Amino acid sequence: MDHGGCIINNEFVIFHTCNLVFLWEMARSSSSSSSSNFTSIFRDQKGWRTCFRSNFFYAASLFFLAFFIWSTTITQQNKEKLLKWSLQGNISNLTACENECRPPGSEMLPKGIVASTSNLERRPLWGSPKKTTTSKSLFAVAVGIKQKENVDKMVQKFLESNFVVMLFHYDGIVDEWKDFEWSSSVIHVSADNQTKWWFAKRFLHPDIVAEYDYIFLWDEDLGVDNFHPQRYVSIVKEEGFEISQPALEIGLSEVHHLITARWKRSKVHRRTYKRDGKGIQCDDNSSAPPCTGWIEVMAPVFSRAAWRCVWYMIQNDLIHAWGLDIRLGYCAQGDRTKSIGVVDAEYIVHYGLPTLGEPDKAKLASSGDNSEEKKEASKSNAINKRIEVS
């Protein structure tokens, strides 16, 4: 492109071309008059300045265009490098996570042979195991030989629903249970004078019972004539209960806490009501125990997720677990007032029978001992006379 005798090529050519034009004009004007020379020089100097300014503009434009192209190229390269570094970092983090998330001690094993969970299914010594229709729920109960007949009813009820059944023998007697046909179909664990929580902490690790949707961890002194395990599980799933228990039939049961009492015209309930002016009052605005968000520990039912949490909460030296029920809300997997509840449609009877060396309350009453503690024990059914909430 021509402009004022200058060819725009690059900054170097532009500058020197304008100088040559100016010098040529000076030489040509030397043969003219003094006045003409001055005018010519003045005119040529203006032309030179015009040429320089014009071409400086084009040079600047070229410079900024080159800078834009260079910066775009560098930016794209940086993006590619950042993406590469990000991918490398993600792969590195993934590899680290795979190792960290493995069970301790298995890091050196090939990933395909690591078995992190188990179950309570027994295996034959030879051949393949028989196909079964075992439920995906577990019924575990601490038992003593004195409650043999009642435990028999409970076990039969759960086996009919294809539950896996596990008996914790706290009196060390196992052989006498072989009278029952079902004895060889259940798991027996024996340790003298230990509660169900001791057994549960040591034999129901979450990785061992990971295959089971629900874990029933019950006492042995419960009547199940009006209880159907599979229907209970269906209701629990429908209601979204992570922690629950069947209601206790009033009039037949030893009831310690009002929230566990059965509501006859209800399928489930999540709270209780108390407006007698004594102690803690319970209404629709209550949001914590003893009004809502908890159940008793005599017949708890845990979802898989809730049990994984509860197992960690059980201390090694826990015995009777009194007070643990109030803390179960930590493991409710959400709002305890919604995910913990009592099922009224499937209810049980709590006989309140003595176990683990607990003194027989009937014998205490007939002995004529009128101590305050024993009087309180004999009044344990007082709650049965309270008005039900419907």
Side-chain angles (χ1 to χ4, degrees), residues 195-197 217-219 221-222 235-236 239-303 306-307 309-310 312-315 318-352 358 361 371-390:
T195 67
K196 67 180 180 182
W197 301 104
L217 188 58
W218 284 15
D219 291 347
D221 59 340
L222 304 175
I235 293 172
V236 165
E239 295 291 332
F241 287 157
E242 297 289 338
I243 301 174
S244 64
Q245 77 160 79
L248 304 182
E249 176 71 335
I250 292 180
L252 300 176
S253 299
E254 181 176 291
V255 181
H256 299 151
H257 303 285
L258 187 59
I259 196 170
T260 63
R262 181 185 174 220
W263 296 7
K264 290 185 178 179
R265 292 182 291 276
S266 174
K267 182 167 71 172
V268 301
H269 68 270
R270 292 175 168 83
R271 63 177 59 246
T272 189
Y273 297 86
K274 185 173 180 286
R275 303 186 183 94
D276 60 2
K278 299 177 182 179
I280 298 176
Q281 304 299 290
C282 299
D283 54 32
D284 287 326
N285 296 321
S286 302
S287 59
C291 304
T292 185
W294 74 295
I295 50 92
E296 201 172 359
V297 293
M298 77 177 71
V301 179
F302 305 100
S303 70
W307 177 248
C309 173
V310 171
Y312 285 105
M313 191 165 59
I314 300 172
Q315 304 302 304
L318 190 66
I319 301 176
H320 298 292
W322 294 327
L324 178 67
D325 41 17
I326 298 294
R327 304 299 179 188
L328 292 178
Y330 288 124
C331 299
Q333 311 300 303
D335 187 347
R336 65 189 298 167
T337 65
K338 296 179 180 179
S339 56
I340 299 180
V342 178
V343 177
D344 300 295
E346 297 296 328
Y347 58 94
I348 58 177
V349 174
H350 180 212
Y351 295 126
E358 180 183 345
K361 295 172 185 176
S371 67
E372 289 300 319
E373 291 183 1
K374 293 173 183 178
K375 283 182 179 180
E376 289 300 320
S378 66
K379 294 179 181 179
S380 59
N381 285 326
I383 196 173
N384 295 348
K385 298 179 182 179
R386 296 182 183 181
I387 299 175
E388 287 185 75
V389 181
S390 58

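Reckoned from all heavy atoms, side chains included, excluding hydrogens, waters and symmetry mates. Fair warning: this is a prediction, and the values are worked out from it, not measured in the lab.
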Between [X] (side chain only) and [Y] (backbone N and O only), is there a donor and an acceptor less than 3.5 Å apart?
| X | Y | result |
| --- | --- | --- |
| Ser339 | Glu242 | no |
| Arg270 | Lys338 | yes |
| Glu249 | Ala247 | no |
| Gln333 | Cys331 | yes |
| Gln281 | Asp276 | yes |
| Arg271 | Ser286 | yes |
| Gln245 | Glu296 | yes |

- Using the ring of each side chain (for Trp, its six-membered ring), is Trp294 parallel, tilted or perpendicular to His257, with breaks at 30° and 60°?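 Aromatic pair Trp294/His257 classed perpendicular.
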Any heavy-atom pair between the side chains of [Y] and [X] that's under 4.5 Å?
| X | Y | result |
| --- | --- | --- |
| His350 | Asp221 | yes |
| Met298 | Leu248 | yes |
| Trp218 | Val301 | yes |
| Val342 | Val268 | no |
| Lys196 | Asp219 | yes |

- For Lys267, enumerate each residue passing the side-chain hydrogen bond (donor to acceptor under 3.5 Å, both in side chains) test, keeping only those at least two apart in sequence or located in another chain.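 Scan of Lys267 (side-chain hydrogen bond (donor to acceptor under 3.5 Å, both in side chains), adjacent residues dropped) gives Glu238.
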- Task: Step through the shown structure and confirm whether more than 12 heavy atoms of other residues, nucleotides or ligands are within 6.0 Å of CD1 on Ile319.
- Result: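 Result for CD1/Ile319: open.
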- Query: Step by step, would you call Phe302 with Leu328 a side-chain contact (heavy atoms from CB on, under 4.5 Å)?
  - Reply: CA-CA 10 Å; Phe302 305 100; Leu328 292 178; 4.2 Å; yes
- Passing option when Tyr273 is tested against Asp283, Thr292, Asp284 for side chain to side chain donor-acceptor pair (under 3.5 Å):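 For Tyr273, the side chain to side chain donor-acceptor pair (under 3.5 Å) test succeeds with only one of Asp283, Thr292, Asp284, which is Asp284.
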